[in-house]
Protein chains: 4
Amino acid sequence: MGDGSERRDQIIVIARRLIAARGYSATTVRDIADEAGILSGSLYHHFASKEAVLHEILHGFQHDTLSAFERIAASGGSARERLDQLIEHAFLTIEQRPDDVRIYQNETGFLMTQPGFEFLADGAERIEELWLEQITEGQAAGVFRDTIDPRLAFRFIRDAVWSTVFWFRPGGSHTAASVSENYLDLLHHGMLTVEG
Amino acid sequence: MGDGSERRDQIIVIARRLIAARGYSATTVRDIADEAGILSGSLYHHFASKEAVLHEILHGFQHDTLSAFERIAASGGSARERLDQLIEHAFLTIEQRPDDVRIYQNETGFLMTQPGFEFLADGAERIEELWLEQITEGQAAGVFRDTIDPRLAFRFIRDAVWSTVFWFRPGGSHTAASVSENYLDLLHHGMLTVEG
Amino acid sequence: MGDGSERRDQIIVIARRLIAARGYSATTVRDIADEAGILSGSLYHHFASKEAVLHEILHGFQHDTLSAFERIAASGGSARERLDQLIEHAFLTIEQRPDDVRIYQNETGFLMTQPGFEFLADGAERIEELWLEQITEGQAAGVFRDTIDPRLAFRFIRDAVWSTVFWFRPGGSHTAASVSENYLDLLHHGMLTVEG
Amino acid sequence: MGDGSERRDQIIVIARRLIAARGYSATTVRDIADEAGILSGSLYHHFASKEAVLHEILHGFQHDTLSAFERIAASGGSARERLDQLIEHAFLTIEQRPDDVRIYQNETGFLMTQPGFEFLADGAERIEELWLEQITEGQAAGVFRDTIDPRLAFRFIRDAVWSTVFWFRPGGSHTAASVSENYLDLLHHGMLTVEG
DNA sequence: CATGAATGAGGTTTCATTCAT
DNA sequence: AATGAATGAAACCTCATTCAT
């Protein structure tokens, strides 16, 4: 178990879609097996448990996201550029892997304390570190205003960005890029005009 | 059924706490009844179903929140002042009724399409109208920058604000008021300094 | 318990209608109480149990029916006239007390062996005696053909007659009297014409 | 689900016996599972619901009965012969499948209006057509007396015949054949002697 | 690899009944 | 004579999981 057979991959793909749409606890092993064209018991040849499927989805997603964030945080440029890139990458991820993001957003809160899912808390902490670095560095450099608590700023940004996954639908009046651009504009300059 | 007896209220209070903590589908009727000191079947003397408990919690919460928003939207002052008050009221609500907010945030997405819960979509739409009015009015008045799509702005704000319920813990280094203040500062002026 | 208060009578009337329509076990104490405008628990001021209501309905009905049959069996006239009268009385009862008949037909089979409902078997036996008397007497008198087992004849007649309660609807193309007349015609002369 | 495994068949056999004896609503899923030597939940591996078991029993029975009736109605001979054969087949069915007949007699009235059981009303109507054809044809041919409403005649016959299932016990003083013979004698010639 | 059958625990709900007030 | 709250048993059903074949 752990090697990537075709069936295995197929099951993950199906599970991802269903769990994203209905939630983990409302998605049954049988739902997944049905769509894969096998019996629910047969699913246990590929995964040790229902939780193991969720584990694999979340672990894979967090690994990829964290890697990308590490890469950006270690890249050249200014703190402001790096923060922008982190945000842009998040919007890109929402566009490319919306189901993963939805699952992450929905299930992570409850799971973080569950045995076997400690990696979620660790990853969340590491992500916070990486983003915070940019904010505090930018404040130190005088490019970000320092009247705002950087921890709060991080959370405001993180939540606004990732939550878009629940309402953004490609094919509407906005692309992921235009949503990203709008958000960065708002974040950079705020809502008020100079006169306001 | 529908009027408020003492037991009924007590059950609602318990259910609110448990559902906020574990999620609706992971909270069992027995969990609720156990904490109320009655048998699970006895709960059906007070409520027609498990769903009816959730309905009452969400309906009550949405009613109160919407009323407050309507009042603010209809009050005097500038669009900017009203938007600030909407946001401040949201933070206040998070402080005073965190369980209601958590349930609303967690369960509303799936429930909105379920029969009997249409009021959730209606309410969400009305809230969007009320907030949008302030944003577009502020943009028309030249007090809010108009390079940002007002719909996107609304959603960015809404999600950032309400999501704080998942991490804000009173008694830490921040009060609800200071979180609110920080958010308004960030929203008004953005992250960048004038030089940045 | 046992005296006839107004509420008591009202409950019996309601129960009769509901049990006839849905069956005893599918009719709940709450169904009955609801229609009576009281709470289900309050019903126990008037009756010791749900079964007691059924008992009263069936006992009363059987008493009345048996009395009438006894009276007819003891009346003057020929055996044939008395058998006709028994049958006519049954059709009359179906017209006047259809709910009682339906309940009797539906529930008696299972109940007959239940403690407290032994009177049903006793009454059924007595009724069989009374009807059989007429048949055997008629056969002895040479007015009824004696190639038919009188016990079988009784049951064929009884079942055909009482079963009409399940399909006869007054206000249609037949009255209870015309149904009765048709049945007696068929019973007396059979289906075949003299040539047939 | 729908094909016939051994366990499935075994469950049907058990359910048939229990439902015939106690009635559908008084027979529990556990009763059935207990006799099959499995847990009540395991029954749902074979059937979607308790109702589905009943559906299968009734549908199968109605199908077989209707087929036989159609065959007889389409066979050669006179209307009188065909009516006799219909009646004889009914008595044969009572002897061979008494549980099916009992269930059909007991549950059909209430079920006919329930979703999923519309076939019961359709079948009952088709059966009425088939039997009526013989009666009206016989009347037209002058072999059946035409003073009797054929619809009433059908119902009198149907009810008398099928109701025997509730009292006929093989091994007593009568066989199914002798009961059938007695009924046909009564139906053909009526009770009265020529002198009567 | 998959099936088919089963487990066992637990879920929501129903319902006749009791009883203090 | 009725209420309102509760009981306790049992109902139907779900679901993750196991395992012999």
Side-chain angles (χ1 to χ4, degrees), chain A residues 5-8 11 24-33 36-54, chain B residues 1 3 5-8 10-11 25-33 36-53, chain C residues 1 5-8 11 24-33 36-54, chain D residues 1 3 5-8 10-11 24-33 36-53:
Chain A
S5 75
E6 269 185 55
R7 253 283 193 267
R8 220 185 128 76
I11 289 167
Y24 173 69
S25 96
T27 303
T28 73
V29 168
R30 227 181 118 179
D31 290 336
I32 300 168
I38 57 176
L39 290 179
S40 68
S42 307
L43 203 140
Y44 288 80
H45 285 283
H46 304 282
F47 294 93
S49 67
K50 183 189 173 190
E51 230 185 42
V53 179
L54 181 61
Chain B
M1 224 160 265
D3 59 311
S5 77
E6 271 185 54
R7 249 290 189 260
R8 215 186 134 80
Q10 188 199 350
I11 289 167
S25 97
T27 303
T28 73
V29 166
R30 255 200 278 269
D31 290 337
I32 299 169
I38 57 175
L39 291 177
S40 73
S42 305
L43 204 141
Y44 288 80
H45 183 62
H46 303 281
F47 296 93
S49 66
K50 184 190 173 189
E51 225 184 49
V53 179
Chain C
M1 217 151 278
S5 76
E6 269 186 54
R7 253 285 193 263
R8 219 186 128 78
I11 289 168
Y24 173 69
S25 95
T27 302
T28 74
V29 168
R30 228 182 118 179
D31 289 338
I32 300 168
I38 57 176
L39 291 178
S40 68
S42 307
L43 203 140
Y44 288 80
H45 284 283
H46 305 282
F47 295 92
S49 66
K50 183 187 174 190
E51 228 183 45
V53 179
L54 181 61
Chain D
M1 222 160 262
D3 59 312
S5 77
E6 271 185 54
R7 248 292 189 256
R8 217 185 132 80
Q10 187 198 350
I11 289 168
Y24 173 68
S25 97
T27 302
T28 74
V29 166
R30 253 201 280 271
D31 290 338
I32 300 169
I38 57 175
L39 291 177
S40 72
S42 305
L43 205 140
Y44 289 81
H45 182 62
H46 304 280
F47 295 92
S49 66
K50 182 189 173 189
E51 225 185 49
V53 179

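When reading the values below, keep in mind they use all heavy atoms of this one structure, side chains included, and skip hydrogens, waters and symmetry mates. For clarity, every value in this text was computed on a predicted model and none was experimentally measured. So that the names make sense, note that chain A is the first sequence line, chain B the second, and so on, each numbered from 1.
With the nearest nucleotide of DNA chain E identified for both A:Gly37 and B:Val29, A:Gly37 has the one nearer the 5' end.
Between A:Arg30 and F:dA16, a side-chain N or O to OP1/OP2 separation shorter than 4.0 Å is absent. Between A:Arg7 and E:dA2 there is a side-chain N or O to OP1 or OP2 distance below 4.0 Å. Contact between the side-chain N/O atoms of D:His46 and the OP1/OP2 oxygens of E:dG4 is not found at any separation under 4.0 Å.
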Taking only nitrogen or oxygen atoms into account, show me every contact under 3.5 Å that the protein makes with nucleotides 18-21 of chain F, one pair per line with its distance.
none

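Side-chain N or O atoms of C:Arg30 include none that pairs as donor or acceptor with a backbone N or O of C:Ser40 at under 3.5 Å.
In this structure, C:Lys50 and C:Thr27 approach most closely via the heavy-atom pair NZ-O, 2.8 Å. When all heavy atoms of B:His46 and B:Arg8 are compared, the pair lying nearest together is O-NH1, 2.7 Å.
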In sequence, state the C-alpha distance, the side-chain angles, and the governing distance for B:Ile38 and B:Arg7, and then conclude on side-chain contact (heavy atoms from CB on, under 4.5 Å).
CA-CA 10 Å; B:Ile38 57 175; B:Arg7 249 290 189 260; 3.5 Å; yes
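If you take CD1 of C:Ile11 and C1' of F:dA1, they are 10 Å apart, rounded to a whole angstrom. Remark: C1' of E:dT12 and CG of B:Leu43 are 11 Å apart, rounded to the nearest angstrom. In this structure, C:Ile32 places its CD1 atom 8 Å from P of E:dA16, rounding to the nearest Å. One atom, CG of A:Leu39, and another, C1' of F:dA16, lie 14 Å apart when rounded to the nearest Å. Atom CD of D:Glu51 and atom C1' of F:dA11 are 15 Å apart (whole Å). Rounding to whole angstrom units, CZ of residue D:Arg8 and C1' of E:dA6 are separated by 16 Å. Rounded to an integer number of Å, the gap from B:Lys50 NZ to E:dG10 P is 15 Å.
Where DNA chain E pairs in unbroken runs of 3 or more (Watson-Crick or G-U, both distances under 3.5 Å), the stems are E:2-21 with F:2-21.
Across all strands, D:Ser25 comes closer than 4.0 Å to no nucleic acid atom at all (heavy-atom distances).
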